[in-house]
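Below: one structure, written as structure tokens.
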Amino acid sequence: MILEMLKVSVLGGTLAADRSAGWNFMLSQPIVGACLAGALVHPGAHWELYALRIPIGVGAILQLLLTDASLPAAQRQHDTATAGVVGSTVSILAMSRLHGALPATAGGALWVVVGVVAGLLAAIAGGWVLGFHRRRNVADTRRATELATEGDAGGFALLYCGGLLRVFLLGALWSWAASLAGVAACLWALPRLAPLLGARDVGILFAGLLGCGLAAAWHAHVRGRPGAPRWAAL
């Protein structure tokens, strides 16, 4: 897993910097991060089809769930940049290591559920981790004002680059740690829960998460708009 974790760390740091640096190319959206992680983490040729399906499912549901400020994950300073990365990585790596202990139920729906749960937990906990960066930003903002007043362009650029490096390292470290912790938790817990992970039960969990995501998207983006029922129908 060394190579996979290195890729995930670099990707997580890059997306965290993209979200915080000011240019924001929208790479830090959960669905984009999840699909990028799926492209970098290879479980093997035997799982190629699942490796294509799972990141899309994980990213799409996380994209819906993390848009509504009324949800628990969104009430905090949550970390959406690495949530999709962690979710996809955990589900793909756990799937490739537990294929003998768990049935491949419902066309990979189990691993979408696992990835979404891992991504939501990573979004909440990652917000606490990146709180260090936000606290340092307060001091950096005051210092940037002083440098701008003095006309010190070099110092201003150095301060900006230092903040960018800090958030990259935090995002990389968090993506690495959260992914490893998530895979370890799956390897410990899922074999013990195998009797409860039949196709019907997994399907209910998957449908519940998708329903919550659609409700969140409705609440955040559609409710109150003119012609809202037509939006919902589409």
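Computation of the quantities below employed the complete heavy-atom set of this structure, encompassing side-chain atoms and omitting hydrogens, waters and symmetry-equivalent molecules.
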- Query: Can you list the steps and then say if Val116 with Leu65 is a side-chain contact (heavy atoms from CB on, under 4.5 Å)?
  - Reply: CA-CA 9 Å; Val116 171; Leu65 286 172; 3.9 Å; yes
N/O donor-acceptor pairs under 3.5 Å from side chains in residues 178-201, not counting sequence neighbours:
unit_1	atom_1	unit_2	atom_2	d
Ser179	OG	Ser175	O	2.7
Arg192	NH1	Trp188	O	2.4

- Criterion side-chain contact (heavy atoms from CB on, under 4.5 Å) on Val90 and Val114, from CA distance to verdict: CA-CA 8 Å; Val90 168; Val114 168; 4.3 Å; yes
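- The minimum heavy-atom distance between Leu62 and Pro30, with the atom names listed, is CB-CB, 3.9 Å.
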- Evaluate the criterion side-chain contact (heavy atoms from CB on, under 4.5 Å) for residue pair Trp176 and Val8; output intermediate values, then yes/no. CA-CA 7 Å; Trp176 173 80; Val8 166; 5.9 Å; no
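- Residues Gly38 and Pro55 come closest through the heavy atom pair CA-CG, 3.6 Å.
- Leu66 contributes atom CG, which lies 11.5 Å from atom CD1 of Ile61 (distance to the nearest 0.5 angstrom).
- Interatomic distance, CD of Gln29 versus CG of Asp18, reported as 9.0 Å (0.5 Å rounding).
- The two residues Met5 and Thr89 come nearest to each other via the heavy atoms CE-CG2, 3.7 Å.
- Taking both residues in full, the closest heavy atoms of Ile54 and Ser91 are given as CG2-OG, 3.3 Å, listed atom of the first, atom of the second, then distance.
- The hydrophobic cluster containing Leu11 also contains Leu173, counting ILVMFWY residues as joined when their side-chain heavy atoms lie under 4.5 angstrom apart, directly or transitively.
- When hydrophobic clusters are built by joining Ile, Leu, Val, Met, Phe, Trp and Tyr residues whose side-chain heavy atoms come closer than 4.5 Å, directly or via intermediates, Leu170 is not grouped with Phe168.
- Using a 4.5 Å heavy-atom cutoff, the side chains of Leu110 and Phe206 are not in contact.
- Residues Val10 and Val86 do not share a hydrophobic cluster, defined by chaining ILVMFWY side chains whose heavy atoms lie under 4.5 Å apart.
- Distance alone, capped at 3.5 Å, places no donor-acceptor pair between the Glu4 side chain and the Val41 backbone.
- By the side chain to side chain contact (heavy atoms under 4.5 Å, CB included) test, Ala34 pairs with Ser88, sequence neighbours left out.
- Grouping the Ile, Leu, Val, Met, Phe, Trp and Tyr side chains by contacts below 4.5 angstrom, directly or via other members, places Met95 with Leu98.
- Note: His42 NE2 to Ile92 CD1 = 9.5 Å, rounded to the nearest 0.5 Å.
- Minimum interatomic distance between Val58 and Gly87 (heavy atoms only, all atoms of both residues): CG1-C, 4.1 Å.
- Taken from CG in Leu64 to CG in Leu210, the straight-line distance is 7.5 Å, to the nearest 0.5 Å.
- To the nearest 0.5 angstrom, Arg166 atom CZ is 10.0 Å from Leu169 atom CG.
- Distance check, rounded to the nearest 0.5 Å: CG of Leu3 to CG of Leu40 gives 9.5 Å.
- Using a 4.5 Å cut-off between side-chain heavy atoms of Ile, Leu, Val, Met, Phe, Trp and Tyr, with links allowed through other members, Leu120 and Leu93 fall into the same hydrophobic cluster.
- Shortest non-hydrogen contact noted between Trp174 and Ala125 is CH2-CB, 3.5 Å.
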